[in-house]
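Heads up: the structure comes next, in C-alpha cells.
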Amino acid sequence: MEKLRTVRGVHDLLPNELHNHNEVINAGLEISDKYNYSQIEIPIFEFAEVFTRPLGKSSDIVTKENYIFKDRSEDELMLRPEGTSGVVRAFLNAGLVQDVPQRFSYYGPMFRYERPQKGRLRQFKQFGIECLGLPSSMADIEVISLGNDFLCKLGLLDKINLKINTLGDFESREIFRDALVIYLNDYKSKLSRDSLKRLSVNPLRILDSKNEGDQKIVENAPNILEYLNSNSKARFDDICKGLDHLNIDYTIDNNLVRGLDYYCHTAFEFTTNELGSQGTVLAGGRYDGLSKMLGGPDIPGVGWAAGIERLAFMVQSEFVNKTDVVLIGQSEKNNFLLLPIMKKLVQNGIKTEIIYDGNLSKKFKRANKIKALYAIVLGEEEISKKVIKLKDLKIGSEEFLDLNQAIKRIKINEDLE
RNA sequence: GCGGGUGUAGCUCAGUUGGUUAGAGCGCGGGUUUGUGGUACCUGAGGUCGCCGGUUCGAAGCCGGUCACUCGCCCCA
C-alpha cells in the first residue's frame with residue numbers, strides 16, 4: 001500500500017514546532033488580556049458570502065486562493081482565509097452592537113490556496129485582535145501598541161520594523177486614486193505586466209510593486225498625504241503623535257497599501273528581513289466599512305493579525321520535554337505496584353513515566369534518553385522493607401525512602417531549578 | 001498562476017566520465033554488564049535512489065512527464 005501523506009502546503013506539527021507555536025500564542029493571549037481584549041473562537045468555515053462580500057470580488061483571496069465548496073445541502077461554504085470578517089460577523093450576530101466598544105482576540109487556522117513557500121502555507125495559523133466600535137484614532141494607537149508589546153514580549157523587536165501609512169477616508173481615497181491613475185496612464189507602456197492589470201483593478205497596489213521599473217515610476221507619483229482631507233490628515237497626525245508618546249519606532253511608508261477593500265485610514269505592518277520574501281509578520285489597519293458590508297450598522301473597527309508560523313520561526317526556542325521521575329520495577333510483575341505510585345506522584349504535580357519493558361539496564365537507558373531527573377526503583381528488597389529507592393540520575397546517588405519523603409525531596413529540588 | 005533549485009537509510013549528507021553486492025556520520029536494535037543509565041568498545045537491522053515512462057548491453061547519475069519541498073514573482077500573516 002502506498003504511504004499516505006499530508007496535502008500540499010498542509011503540515012503536521014510535531015511537539016518541537018508546536019511548542020514554538022504555543023509560545024507565540026500564549027504571549028499573544030497574555031498581552032492582549034492585559035489590554036483587556038477577550039478571547040473568542042469563531043467557526044473555521046462559514047457561508048462563503050461572509051468572506052466574498054467584504055473582501056471584494058477582485059481580491060486574490062476570493063478569486064483564486066479560496067477553499068470553497070458545497071455541502072450536502074448545497075450551501076456554498078468557504079474555509080476562512082482570514083479572521084476579521086468572521087469576528088465582525090459574530091459580533092453582529094451576538095447583538096453586541098448595543099455594547100461597544102468590544103475588544104476581541106482570537107487564534108487558529110486559516111486557509112488559502114496559494115503556492116507554498118517557507119512562511120506561506122495553505123493551512124496556516126494567525127493570532128489576531130479586533131477593536132470594534134471606536135471611531136477614535138486612539139483605538140488605532142492602542143492596537144498598534146498592543147502589537148508592539150506582543151512582539152516585544154517575544155523578544156523580536158530588534159529584528160522587526162514598523163511601517164505605517166494612511167489610506168485616508170473613502171472620500172480622500174477616491175480623489176487620490178483618480179490622481180494616481182491619471183499619473184500612471186502616462187507610463188502605461190513602461191509598467192510591468194502585473195501592474196498594467198492592477199491599473200484598472202486596484203491601482204493603489206502598484207505603489208508597493210517590487211518590480212524595479214515600477215518602483216522608479218512610482219517615485220514621482222502623487223503622494224497620498226497631499227490628497228487627504230482635513231479630517232483624514234488630522235487622524236494620521238494623531239496616530240504619529242500617539243506612537244511618539246509611546247516611544248514606538250516607526251517609519252511612514254506612503255507606498256504601503258492594503259489588498260482588502262474594507263480598509264481605510266490607518267494601515268501598518270511589522271516586517272522582518274529574516275524570513276526571505278515572506279517578511280510581514282504582523283499587519284493590520286482600520287476597517288470602518290466592514291460592518292456595513294456584512295449587513296450590520298455602521299460600526300468602525302481596527303485590528304491586526306499576526307502569522308504564527310512566521311513568528312514561531314523567529315522564536316526558535318529549543319524544546320526539551322523534561323521528565324521528573326521514571327518508575328522502574330525490578331520485574332514485570334512489580335508494574336502493578338508502580339501504578340498507585342504514579343498516581344500519587346501525578347497528584348503531587350510531578351511528571352512521571354512508568355518504564356514497562358526490558359531489564360534494569362534497558363530501563364535506565366530509557367530513563368536517560370527521556371532526560372529523567374529521578375528514578376524510583378521498586379524491587380524485592382524495597383518491597384520487603386516497605387520503601388522505595390530514589391535515585392538522582394544527575395549525580396547517581398541512591399537512597400531508601402518512603403514515598404512521601406521521596407515526593408518531598410523531588411519537589412524541593414524542582415523548586416531550586 | 002509564472003520562473004529557478006533540490007529530491008539517495010529515521011535525520012544530515014557522500015556517491016568520479018552511466019558499469020555489476022549503493023556508502024558514511026548521527027540515531028535505532030542487540031551485546032560487553034543476572035539490581036543500574038550517561039562514556040567506551042563490539043555487533044545488527046534499516047534503501048522500490050520521490051513516482052512514472054524513455055534512451056542504453058547496462059541508469060541513483062542522461063532525457064521527458066509527474067508529485068513534493070525550496071527560492072523568487074504574484075499575493076499576503
Side-chain angles (χ1 to χ4, degrees), chain A residues 2-3 5-11 14 24 28 55 58-66 80-84 107-128 147 192-195 197-198 201-202 205-206 208-212 214 256-260 269-272 275-284 303-314 326 328-331 334 355 357-383 389 391-398:
Chain A
E2 198 182 335
K3 205 194 269 178
R5 50 174 182 76
T6 62
V7 314
R8 173 128 121 133
V10 178
H11 291 338
L14 269 29
V24 172
L55 294 180
S58 68
S59 78
D60 280 12
I61 289 181
V62 165
T63 54
K64 61 181 193 191
E65 294 177 358
N66 61 23
R80 61 183 188 193
E82 54 102 35
T84 305
Y107 72 91
M110 307 293 165
F111 304 84
R112 291 182 199 172
Y113 189 90
E114 297 185 274
R115 184 147 175 180
Q117 255 179 52
K118 181 193 280 188
R120 190 176 74 181
L121 299 170
R122 287 182 175 181
Q123 177 179 332
F124 61 102
K125 292 197 284 188
Q126 287 187 339
F127 178 90
S192 69
R193 222 181 56 209
D194 284 327
S195 286
K197 240 183 278 169
R198 287 186 278 230
V201 181
N202 193 349
R205 280 243 141 249
I206 298 174
D208 69 353
S209 169
K210 283 174 193 165
N211 179 285
E212 274 184 41
D214 290 348
L256 178 68
V257 294
R258 286 276 91 106
L260 309 181
E269 267 177 29
F270 289 87
T271 61
T272 179
L275 295 175
S277 65
Q278 310 302 327
T280 302
V281 118
L282 185 155
W304 50 254
I308 291 174
E309 285 81 359
R310 292 180 185 180
L311 288 172
F313 196 82
M314 296 182 76
V326 294
I328 292 175
Q330 186 184 345
S331 62
N334 292 351
I355 300 176
D357 302 311
N359 55 32
L360 277 177
S361 171
K362 275 184 204 162
K363 284 173 176 169
F364 272 94
K365 272 186 183 158
R366 164 78 188 168
N368 207 51
K369 198 170 112 186
I370 64 176
K371 300 183 173 70
L373 300 175
Y374 291 95
I376 284 179
V377 183
L378 195 65
E380 300 313 320
E381 195 186 346
E382 288 83 5
I383 291 171
K389 181 151 54 181
K391 176 163 184 168
D392 183 328
L393 289 168
K394 264 188 195 155
I395 57 179
S397 64
E398 297 184 339

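No experiment lies behind these values; they were computed from the predicted model shown. So that the names make sense, note that chain A is the first sequence line, chain B the second, and so on, each numbered from 1.
- Nucleotides B:G4 and B:U20, compared at atom P, are 34 Å apart to the nearest Å.
- Dashed line: the shortest gap from a side-chain N or O of A:Lys118 to OP1 or OP2 of B:C71 is under 4.0 Å.
- Residues A:Tyr113 and A:Glu381 both approach RNA chain B. Their nearest nucleotides, taken by heavy-atom distance, put A:Tyr113 toward the 5′ side.
- Taking the C1' atoms as reference points, B:A77 lies 47 Å from B:U16, given to the whole Å.
- When the P atom of B:C69 is taken as reference, atom CZ of A:Arg115 falls 10 Å away, rounded to whole Å.
- The shortest distance between side-chain heavy atoms of A:Leu378 and A:Ile383 falls below 4.5 Å.
- A:Ile370 places its CD1 atom 13 Å from the P atom of B:C28, with the value rounded to the nearest Å.
- With both pairing distances under 3.5 Å, B:C62 is matched to B:G54 as a Watson-Crick or G-U wobble pair.
- Between the C1' atom of B:G37 and the CG atom of A:Leu373 lies a distance of 14 Å, rounded to the nearest Å.
- Contact annotation: A:Arg310 side-chain N/O to B:A77 OP1/OP2 distance is not under 4.0 Å.
- Put simply, the side chain of A:Lys125 never gets that close to the backbone of A:Met110: no donor and acceptor are under 3.5 Å apart.
- Residue A:Lys389 is in base contact, counting any heavy-atom pair closer than 4.0 Å across all strands shown.
- Under the Watson-Crick and G-U wobble criteria, each requiring two contacts below 3.5 Å, nucleotide B:C73 is paired to B:G1.
- Contact of A:Lys362 with B:U36 (side chain to base): no donor-acceptor pair of N or O atoms is detected under 3.5 Å.
- In this structure B:G46 sits in no base pair that meets the Watson-Crick or G-U test at under 3.5 Å.
- For the P atoms, the distance linking B:U21 with B:A59 amounts to 11 Å, nearest Å.
- A side chain to side chain contact (heavy atoms under 4.5 Å, CB included) with A:Arg310 holds for exactly one of A:Val24, A:Thr272, A:Leu275; it is A:Leu275.
- Judged by distance alone with a 3.5 Å cut-off, no donor-acceptor contact links the side chain of A:Arg198 to the base of B:C75.
- Going from the C1' atom of B:C13 to that of B:G18 covers 22 Å, rounded to whole Å.
- The separation of B:U39 from B:C28, taken at their P atoms, amounts to 10 Å, rounded to a whole angstrom.
- Remark: A:Arg122 is positioned above the aromatic ring of A:Tyr113, its terminal NZ or CZ atom under 6.0 angstrom from the ring centre and at most 45 degrees off the axis.
- When Watson-Crick and G-U wobble pairs are counted only if both distances are under 3.5 Å, B:G23 pairs with B:C13.
- The residue A:Gly276 sits close only to the backbone: its heavy atoms come under 4.0 Å of sugar-phosphate atoms, none of a base.
- Using cut-offs of 30° and 60° for the angle between ring planes, the A:Trp304 and A:Phe127 rings count as tilted.
- Within 4.0 Å of A:Ala283, counting heavy atoms only, lie sugar-phosphate atoms of the nucleic acid but no base atom.
- Contact annotation: A:Thr280 does not reach the phosphate of B:C76 (side-chain N/O to OP1 or OP2, under 4.0 Å).
- Straight-line distance from the CZ atom of A:Arg5 to the P atom of B:C69: 8 Å, rounded to whole Å.
- The interatomic distance linking A:Leu275 (CG) with B:G72 (C1') rounds to 15 Å, in whole Å.
- Straight-line distance between the P atoms of B:G64 and B:G3: roughly 15 Å, to the nearest whole Å.
- B:G50 and B:C57 have their P atoms separated by 24 Å, with the value rounded to a whole Å.
- A donor-acceptor contact under 3.5 angstrom links the side chains of A:Gln117 and A:Gln278, judged on distance only.
- Close to B:G72, at under 4.0 Å from its OP1 or OP2, lies a side-chain N or O of A:Gln117.
- Side-chain atoms of A:Arg120 come within donor-acceptor range of the base of B:C74, with a qualifying N/O pair under 3.5 Å.
- Going from the C1' atom of B:U17 to that of B:U12 covers 28 Å, rounded to whole Å.
- Using a 4.0 Å heavy-atom criterion, one finds that A:Gly9 contacts the sugar-phosphate atoms exclusively.
- Following rounding to the nearest Å, A:Met110 (CE) and B:C76 (C1') show an atom-to-atom distance of 13 Å.
- Rounded to whole angstrom, the span from the CD atom of A:Gln126 across to the P atom of B:C76 amounts to 12 Å.
- At least one test fails for A:Lys369 against the ring of A:Phe364: distance under 6.0 Å to the centre or angle within 45° of the axis.
- Position along RNA chain B of the nearest nucleotide to A:Val7 versus A:Gly279 favours A:Val7 as the more 5'-ward residue.
- Shown here, B:G7 forms a base pair with B:C67; the pair counts as Watson-Crick or G-U wobble because both key distances fall under 3.5 Å.
- When rounded to the nearest whole Å, the span between CD of A:Gln278 and P of B:A77 equals 11 Å.
- Looking only at side-chain heavy atoms (C-beta outward), A:Lys389 and A:Ile376 stay at 4.5 Å or farther from each other.
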